[in-house]
Amino acid sequence: TGGHTTEILRLLSCLSESYSPRHYVLADSDKMSEAKIRSFEKKRAETFSKSQFSLDRIPRSREVRQSWISSVLTTLYSILYSLPLTYKRKPDLILCNGPGTCVPVCLSAFLLGLLRIKRTIIVYVESICRVETLSLSGKILYYFSDYFIVQWPELKKKYPKSVYLGRIV
């Protein structure tokens with residue numbers, strides 16, 4: 001929601017016009033991010049006149065403080081909901097940074113790649129606030145992402161597959 005959206009928009013502000021259209025996926029219970037995205041895209045359209053984007057909503061895979069047992073079920077539901085969306089959009093690249101909403105989308109894209117329907121590059125950027133340990137999303141997507149970016153050298157030491165570029169947001 002708030003912090004993750006701000007971080008991802010900072011990353012997107014560095015991308016060229018060739019990264020279009022952009023498809024944002026939000027949790028259905030996320031009330032703040034849509035306004036931030038629309039404001040970002042409105043500013044982006046001032047620079048890139050052909051800028052295109054869409055917003056899609058999926059069920060949240062895990063609420064804050066939700067039990068682990070029930071979160072397995074809600075995540076499975078969210079993955080099932082994400083599969084047709086991912087199939088429809090067939091993204092070339094998924095850039096994500098930590099909220100639980102990214103896990104079902106990435107796993108859906110990974111599954112489509114395994115089925116040889118569409119190969120998607122998955123780039124996961126761990127939040128800057130994760131200094132010593134990975135987020136739950138990071139612990140899951142470490143194994144499924146093509147590029148796993150951390151923003152602290154301590155994490156690079158613990159997770160050798162990761163890429164440390166310094167602070168990027």
Side-chain angles (χ1 to χ4, degrees), residues 1-28 30 32-45 47-48 50-62 75 78-79 81-114 117-130 134-152 155-156 159 161-169:
T1 8
H4 289 295
T5 302
T6 300
E7 285 186 9
I8 203 73
L9 293 177
R10 283 185 188 157
L11 286 172
L12 291 176
S13 68
C14 300
L15 296 180
S16 72
E17 188 175 11
S18 63
Y19 289 92
S20 185
R22 285 167 305 288
H23 305 287
Y24 296 91
V25 179
L26 312 168
D28 55 4
D30 183 348
M32 295 190 313
S33 295
E34 183 173 350
K36 287 183 177 187
I37 292 166
R38 290 192 183 282
S39 174
F40 170 80
E41 288 292 339
K42 185 177 180 182
K43 284 183 185 175
R44 189 171 174 90
T47 306
F48 303 116
K50 296 179 183 179
S51 186
Q52 297 177 331
F53 77 99
S54 66
L55 292 164
D56 292 299
R57 293 188 175 269
I58 64 169
R60 188 178 291 270
S61 57
R62 183 172 186 268
T75 300
S78 189
I79 290 169
Y81 196 94
S82 298
L83 273 168
L85 174 64
T86 309
Y87 179 79
K88 174 184 161 190
R89 296 289 186 201
K90 290 186 178 70
D92 295 318
L93 169 74
I94 294 177
L95 176 63
C96 56
N97 70 328
T101 305
C102 71
V103 173
V105 174
C106 289
L107 293 179
S108 296
F110 184 77
L111 181 60
L112 292 179
L114 287 178
I117 295 171
K118 170 65 176 164
R119 168 79 170 95
T120 301
I121 296 170
I122 299 172
V123 178
Y124 180 85
V125 180
E126 185 62 271
S127 176
I128 194 163
C129 68
R130 304 308 299 206
L134 298 179
S135 63
L136 180 58
S137 298
K139 288 175 183 174
I140 295 167
L141 293 177
Y142 181 75
Y143 300 99
F144 297 97
S145 61
D146 296 285
Y147 300 97
F148 190 93
I149 300 169
V150 295
Q151 300 184 64
W152 295 95
L155 288 175
K156 171 62 181 160
Y159 299 94
K161 176 191 167 195
S162 67
V163 176
Y164 171 65
L165 302 172
R167 294 181 192 174
I168 59 174
V169 294

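None of the values given here were measured: they were computed from a predicted structure. FYI, side chains are in, hydrogens and waters are out, and symmetry mates aren't considered; it's all heavy atoms of this structure.
Shown here is Lys43, whose NZ atom has no more than 12 heavy atoms of other residues, nucleotides or ligands within 6.0 Å. The number of heavy-atom neighbours closer than 6.0 Å to OH of Tyr142, taken from other residues, nucleotides and ligands shown, is above 12. The environment of Lys161 atom NZ is dense: over 12 non-hydrogen atoms of other residues, nucleotides or ligands sit within 6.0 angstrom.
Using modelled atom types, one finds no donor on one side chain facing an acceptor on the other under 3.5 Å when comparing Ser135 with Ser137.
Tested against Ile149, the residues Leu155, Leu11, Val125 include a single side chain to side chain contact (heavy atoms under 4.5 Å, CB included) partner, Val125. Remark: of the listed residues Leu141, Leu95, Asn97, Ile94, Leu95 is the sole one forming a side chain to side chain contact (heavy atoms under 4.5 Å, CB included) with Val123.
Checked by atom type and distance alone, the side chain of Tyr19 never pairs as donor or acceptor with a backbone atom of Leu12 at under 3.5 Å. For the pair Ser61 (side chain) and Gly100 (backbone), a donor-acceptor distance under 3.5 Å is present. With hydrogens and angles ignored, the 3.5 Å screen pairs a side-chain donor or acceptor of Ser20 with a backbone N or O of Gln52.
Evaluation of the side chain to side chain donor-acceptor pair (under 3.5 Å) rule for Thr120 yields no partner, not counting sequence neighbours.
Here the side chains of Phe144 and Cys106 are not in contact, with every heavy-atom distance at 4.5 Å or above.
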Candidate pair Lys36 and Asp30, rule salt bridge (charged side-chain N to carboxylate O under 4.0 Å, His left out), full reasoning: CA-CA 11 Å; Lys36 287 183 177 187; Asp30 183 348; over 6 Å; no
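Checked against the 6.0 Å centroid threshold, Tyr159 and Phe148 do not count as a close aromatic pair.
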